[in-house]
Amino acid sequence: MSSSGYVYHPDYLRHNTGMHPECSERLSAIMKLLQDSEVIARLHEIDARYATVDQIKTTHEDTYIKHVESMCQREGHLDMDTPVSRDSYNAALLAAGGCLSAGDAVMRGDVENAFCLVRPPGHHAESDRGMGFCLFNNIAILAKYLQSTHGIGRILIVDWDVHHGNGTEHSFYDDSSVMYFSTHQSPLYPGSGGIGSVGRGDGEGYTVDAPLSPGAHDSDFMYVLDEILVPISDQFEPDFVLVSAGFDTHHADALAGMNMSCSGFEQYAKVVKKIADKHCNGRIVVTLEGGYDLKALSHSVMGVFNALGDLGLKVSEPYPAPRDSLSSSTKERVEHIKAVQQKYWKF
Ligand SMILES: [Zn+2]
């Protein structure tokens with residue numbers, strides 16, 4: 001048995017989006033590969049629970065929570081991209097609550113780290129509106145919960161989804177206790193996450209956005225982590241690390257244009273694990289965001305489990321990976337990020 005856990009519940013499949021990339025088959029594909037490979041037996045199962053409305057209220061306005069509930073009853077849309085069904089409200093409470101269960105399991109020492117295989121995803125959800133397939137901001141709700149219930153001080157949130165996590169960034173934009181770091185494709189939906197977004201007030205310097213040009217490879221991401229994330233984390237010294245893990249950064253994903261391989265996600269997770277090992281006894285909770293190619297998604301999730309649990313697997317690539325190289329555009333963007341962030345951090 002490894003020291004890693006996972007959260008999953010069949011009711012996550014009941015958030016019915018119809019013909020939509022963010023579909024229940026995503027979780028089924030992940031669970032099938034974990035079962036077929038027998039990796040599941042090496043992971044601790046963590047029971048998901050429902051988040052309470054008060055826990056959702058730490059991040060979302062009461063009127064918005066009620067709006068989600070009534071829109072689900074009517075089987076409507078939260079925005080053009082975000083359809084909901086009758087069971088979506090409960091699935092969303094269970095997704096947020098599953099993340100809280102994972103946080104508790106790590107804090108109790110049942111597991112060192114955990115991966116929440118939940119849907120609907122969360123990182124685009126703003127305090128007052130759902131968007132981009134997201135209902136409630138699972139990772140923001142978890143961060144607030146760890147601080148209020150477990151007395152955690154500084155939290156590092158790493159977001160490797162190909163899209164910028166606007167909702168998460170805004171949740172902590174003026175908060176110096178939660179550092180938000182994101183690598184994402186730019187230009188791309190939702191259009192936020194420019195290098196100049198650094199936080200405001202007490203939170204100034206605690207938002208670090210790394211928008212990368214389309215086509216970025218594994219090496220581009222590793223370069224950004226080595227040059228930006230690792231040195232900043234060494235100065236921020238997090239007490240807990242959270243990850244918004246989107247796998248739409250994979251080269252086979254139809255919703256974006258990046259070139260990451262399954263192995264790239266594994267390498268990214270290893271860097272995050274090293275940060276957590278150094279600063280906070282390896283405490284990490286990873287939560288699923290995007291990722292719409294079922295093979296790329298499931299194999300990449302295996303790669304992340306391999307990194308988190310040191311499982312010694314040889315993670316396979318379901319598609320031939322593009323030739324990896326570090327681009328001059330990434331080097332330029334890293335210099336630009338350093339020029340902006342050096343007001344707050346040493347490089
Ligand atoms: Zn995404």
Side-chain angles (χ1 to χ4, degrees), residues 12 15 17 19-27 29-30 77-84 92 95-96 99 115-126 129-140 142 157-171 180-194 197 207 209-218 220-221 224 242-262 264-265 268-269 272 286-301 303-304:
Y12 294 140
H15 167 49
T17 50
M19 285 292 287
H20 193 280
E22 203 294 284
C23 57
S24 60
E25 286 80 2
R26 299 175 59 233
L27 282 190
I30 294 170
H77 281 69
L78 293 180
D79 77 344
M80 243 171 55
D81 303 323
T82 316
V84 290
C99 294
F115 196 150
C116 305
L117 301 168
V118 301
R119 61 185 287 278
H123 75 152
H124 293 306
E126 297 276 1
R129 70 199 159 101
M131 57 185 276
F133 319 164
C134 298
L135 278 61
F136 298 138
N137 197 312
N138 303 319
I139 204 162
L142 171 57
I157 298 179
V158 176
D159 188 331
W160 72 53
D161 190 280
V162 78
H163 304 98
H164 177 244
N166 55 293
T168 312
E169 176 166 307
H170 293 152
S171 294
Y180 178 72
F181 170 84
S182 172
T183 48
H184 46 273
Q185 181 180 320
S186 177
L188 191 67
Y189 179 91
S192 51
S197 303
T207 291
D209 280 320
L212 302 181
S213 301
H217 294 90
D218 296 350
D220 294 290
F221 288 92
V224 175
L242 304 179
V243 179
S244 264
F247 298 91
D248 38 12
T249 324
H250 192 278
H251 64 88
D253 201 282
L255 267 63
M258 292 306 217
N259 274 322
M260 247 167 93
S261 67
C262 298
F265 291 102
Y268 204 134
V272 172
V286 178
T287 182
L288 183 65
E289 302 286 358
Y292 307 102
D293 181 278
L294 300 184
K295 281 186 189 162
L297 171 65
S298 50
H299 286 265
S300 298
V301 167
V304 172

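Just follow the structure's listing: the first ligand is 1, and inside any ligand the first atom is 1.
Residues passing the side-chain hydrogen bond (donor to acceptor under 3.5 Å, both in side chains) test with Glu169, sequence neighbours excluded: His164.
Looking only at N/O/S atoms, Asp161 comes nearest to the Zn ion (ligand 1) through OD1. As for Asp248, its N/O/S atom nearest the Zn ion (ligand 1) is the one called OD2. Among the heteroatoms counted here (N, O or S) of His163, ND1 is the one nearest to the Zn ion (ligand 1).
Of the listed residues (Leu212, Val162, Asp209), just one forms a side chain to side chain contact (heavy atoms under 4.5 Å, CB included) with His184, and that residue is Asp209.
Ser244 and Asp161 share no donor-acceptor pair across their side chains, judged by distance under 3.5 Å alone.
How far OH of Tyr189 is from CG of Asp81: 5.5 Å, rounded to the nearest 0.5 Å.
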